[in-house]
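Since the structure comes first, as structure tokens, the remarks are kept for the end.
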Amino acid sequence: MSQEEIKNESKKPTNFIREIIDEDLKSGKHKTVHTRFPPEPNGYLHIGHAKSICLNFGLAIDYNGKCNLRFDDTNPTKEEQEYVDSIKEDVRWLGFNWEDREYYASDYFEQLYEYALKLIKKGKAYIDSLTAEQIRETRGTPTEAGKESPFRDRSVEENLDLFERMKNGEFKEGELVLRAKIDMASPNLNMRDPVMYRILHKAHHRTGNKWCIYPMYDWAHGQSDSIERITHSLCTLEFENHRPLYDWFVQELEIYPPRQIEFARLNLSYTIMSKRKLLSLVEGKYVDGWDDPRMPTISGLRRRGFTPESIRNFSERVGMAKRENTIDVSLLEFSVREDLNLKAKRVMAVLNPLKIVITNYPDDQTEDLEAVNNPEDASMGTRLVPFSKELFIDKDDFKEVPPPKFHRLSPGKEVRLRYAYIIRCDEVVKNEKSGEVIELHCTYFPDTKSGTGTSSKKAKGTIHWVSAKHAFDAEVRLYDRLFSVADPEGEEGKDFTEFLNPNSLEIQRHCKLEPSLKTAKPIEKFQFERTGYFCVDTKYSKESSPVFNRIVTLRDSWSKIEQASK
RNA sequence: UGUCCCGUGGUGUAACUGGUUAACACGUCUGACUCUGGAUCAGAAGAGUCUAGGUUCGAGUCCUAGCGGGACAGCCA
């Protein structure tokens, strides 16, 4: 999909960020919009990042501006190339194009060093010999001022000398640090002489061993924005208190001033968004890796079967504001259903097979019945589905003792087989010992064949089926919410893993699928009629042996009726 | 108990920048239609905008005070 198509795919509601941009454009402060998506390559991206990606790239597209992809790689102890690669894949998959603007904060290490020299010369930065612990102790608390470091008034010459030797590797980690000289009594903790550089004798994934001093986030981010001439630097709420520092650096350096604007991060019910906790799910083997289909990671959603369009629409729908929020997962689910309803080919698949025999159907006969591929889109055509004497239907579609309003099969009752005939259940065959229903004997009404109009017979319900001898067995994985409570992090004193949903994955190994599915390829998506949307798994599928992931169920008003009657 | 930010139906976001009976989406509930209990269509319920004062002809929007929630004391981002 092109960027132009993304621009037109949905009406974008206004929000406070767009209003700021509109004003800036109107007042002439800016002629174009230039944003950036600045992930740290220390983990996989999740749906919360998708909100930010859609915001930044979406704004650039809508305003005919540009959006850079910038890796905030200032901490070599946590960052790896593997993450850079996965992030690029995810952004690209979401449909966005950064063209040749792939940048790294590490590209600016030299420039940042020059900037630091400038501040030292202005007397606005100094080398501190305090230990990390001493710095913490003298920082004060939110309610009490901090104390100035005894090294705060080193001469410019000494600072310059120390800083150069620091860069040259003459000191051990933690021995020295470069600090901005601002105000140890500031009510904003970020302004109490924040650290700009620390010593880290670590190889960096891009600059190797060239540097052993690395800039802190606050010292790198705004300057990187400025270098790239970012007009609007969008970040989440927790950086609000950093904005004065962001502005201070830009002002002292007398460089191009981008404007930082903060918005509320995305929270989703029934899941967690913290990178650290997501990592612990992976490491604790609670899930099958970062791309487990239950994970809120972009790679997980992709493997589950979500489409980029659905995630973009979702991101648009959650809105943009500054107040904390928790989006209901049902909105995400709605977004995929909406998209897949239009695109997914309909097929028949029986998850819990129950055999039925059509006693009055010829033994060796097979009929190829025409089935519609998508009632929403005639251009998707039709296909032929084989019908024969022995079929499978879903166990849920038969009840020996039907509850009220049950429109499916039960003894003596009639039901339509989708695209085929109306049948009546005559006999229930049970396992003598267990009493379990193992087979149904039915008769069919030959003149009720779909599409012929030769009978006025009506059936209350329509159920799906597959022909026993034509169907093939496949594994289907049914996913449910990862957590059984809406807010797994909300319980004081309890670990979020206590709320993991024990039924978040149900593997059904002997599902019966219609033959056309045999050749389904990874990532292909289908609607199993009356059941839900499914996607061929990329990890467990084999040639001619696809494994399916349930993306989401269909809306199911029967289950509501059923629940209500309990 | 310092600074900053935020309080609008169950959830989320809007409200022409001070102007009618607070809108939209998801969710919920009816009903219609249907060879998917899907989709679609029609409709309903649900907030008087955290509280109390004030300014004003008029306040969700402005002011004051309170209450509630969040962020900040990494040489993480």
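A quick note: this is a predicted structure, and the numbers were derived from the prediction, not measured. Every chain is numbered from 1, with letters handed out A, B, ... down the list of sequences. What's counted below: heavy atoms across the whole structure, side chains too, no hydrogens, waters or symmetry copies.
Note: CE (Met191(A)) to P (C72(B)) measures 18 Å, nearest angstrom. To the nearest angstrom, P of A73(B) lies 18 Å from CG of Leu130(A). Atom CG of Asp556(A) is separated from atom P of A39(B) by 10 Å (rounded to the nearest Å). The distance from atom CG of Leu237(A) to atom P of C5(B) is 11 Å, rounded to the nearest whole Å. To the nearest angstrom, C1' of C29(B) lies 9 Å from NZ of Lys560(A). Distance, Ile135(A) CD1 to G74(B) P: 11 Å, rounded to whole Å. Remark: C1' of G74(B) and CD of Glu238(A) are 14 Å apart, rounded to the nearest angstrom. The nearest whole Å value for the distance from the CD atom in Glu262(A) to the P atom in A71(B) is 15 Å.
For the C1' atom pair drawn from C67(B) and G18(B), the interatomic distance equals 26 Å after rounding to whole Å. Taking the P atom of each, A39(B) and A23(B) are spaced 26 Å apart, rounded to whole Å. Taking the P atoms as reference points, C4(B) lies 13 Å from U64(B), given to the whole Å.
Within 4.0 Å of Ala420(A), counting heavy atoms only, lies at least one base atom of the nucleic acid. Pro38(A) comes within contact range of no nucleotide atom at all, as no heavy-atom separation falls under 4.0 Å. No contact: Tyr197(A) has no heavy atom under 4.0 Å from any strand. In this structure, Asn15(A) reaches the sugar-phosphate backbone alone: every heavy-atom distance under 4.0 Å involves primed, P, OP1 or OP2 atoms, never a base.
Proximity note for Arg555(A) (side chain, C-beta onward) versus A39(B), A77(B), A73(B): the nearest is A39(B). Checking A73(B), C4(B), G38(B) against the side-chain heavy atoms of Ser557(A) singles out G38(B) as nearest. In the set A71(B), G38(B), C5(B), the nucleotide with an atom closest to the side chain of Glu240(A) is C5(B). Among the nucleotides C26(B), A15(B), A77(B), the one closest to the side chain of Glu19(A) is A15(B). With distances taken from any side-chain atom of Val195(A) to the nucleotides G27(B), C75(B), G2(B), the minimum falls on C75(B). Counting only heavy atoms from C-beta on, Asn325(A) has its side chain closest to U13(B) among U13(B), C76(B), U36(B).
Ring geometry, Phe71(A) versus Tyr104(A): the interplanar angle falls under 30°, so the pair is classed parallel (tilted spans 30 to 60°). The aromatic rings of His242(A) and Phe239(A) lie perpendicular to each other, with more than 60° between the two planes, well past the 30° mark. Using cut-offs of 30° and 60° on the angle between ring planes, the pair Tyr214(A) and His204(A) is parallel. Ring planes of His221(A) and Tyr246(A): tilted class, angle from 30 to 60°.
Between the side chain of Glu376(A) and the base of U40(B), no donor-acceptor pair of N or O atoms lies under 3.5 Å. You won't find any donor-acceptor pair under 3.5 Å spanning the side chain of Asp72(A) and the base of A77(B), going by distance alone. Residue-to-nucleotide contacts include no donor-acceptor pair under 3.5 Å from the side chain of His242(A) to the base of A71(B). Counting atom types as modelled, Arg317(A) pairs no side-chain N or O with a base atom of U13(B) as donor and acceptor under 3.5 Å. Checked by distance alone, Arg323(A) brings no side-chain donor or acceptor within 3.5 Å of a matching partner on the base of G12(B).
Remark: RNA chain B takes part in the stems B:2-7 with B:67-72, B:10-13 with B:23-26, B:28-32 with B:40-44, B:50-54 with B:62-66, each of 3 or more antiparallel Watson-Crick or G-U pairs, criterion distances under 3.5 Å.
A donor atom on one side chain and an acceptor atom on the other are found under 3.5 Å apart for Glu367(A) and Tyr421(A). In this structure, a donor-acceptor pair under 3.5 Å is present between the side chains of Ser233(A) and Arg36(A).
Phosphate contact (OP1/OP2 of U3(B), side-chain N/O of Thr143(A), threshold under 4.0 Å): absent. Distances shown here put a side-chain N or O of Thr74(A) below 4.0 Å from the OP1 or OP2 atom of A77(B). Side-chain N/O atoms of Arg243(A) include none lying less than 4.0 angstrom from OP1 or OP2 on A71(B). Using a 4.0 Å cut-off, no side-chain N or O of Arg136(A) falls inside it from OP1 or OP2 of C75(B).
Here Arg136(A) pairs with Glu133(A), Arg139(A) under the side chain to side chain contact (heavy atoms under 4.5 Å, CB included) rule; sequence neighbours left out.
Under a 4.0 Å N-O distance rule, the pair Glu324(A)/Arg265(A) does not qualify as a salt bridge.
Rounding to the nearest 0.5 angstrom, the gap separating the CG atom in Leu45(A) from the OH atom in Tyr83(A) is 12.0 Å.
Stacking between His221(A) and A77(B) is absent: the ring centroid is not both under 5.5 Å from the six-membered base ring centre and under 30° in plane angle.
When each of Arg408(A), Lys457(A), Lys460(A) is tested with Glu414(A) by the rule salt bridge (charged side-chain N to carboxylate O under 4.0 Å, His left out), just one qualifies, namely Lys457(A).
A glycosidic torsion no more than 90° from 0 defines the syn conformation; G70(B) lies beyond that range and is anti.
Closest-nucleotide positions on RNA chain B for Ile327(A) and Arg530(A) were compared, and the one nearer the 5' end corresponds to Ile327(A). When the nearest nucleotides of RNA chain B are assigned to Arg139(A) and Lys449(A) by heavy-atom distance, the more 5′-ward of the two goes with Lys449(A).
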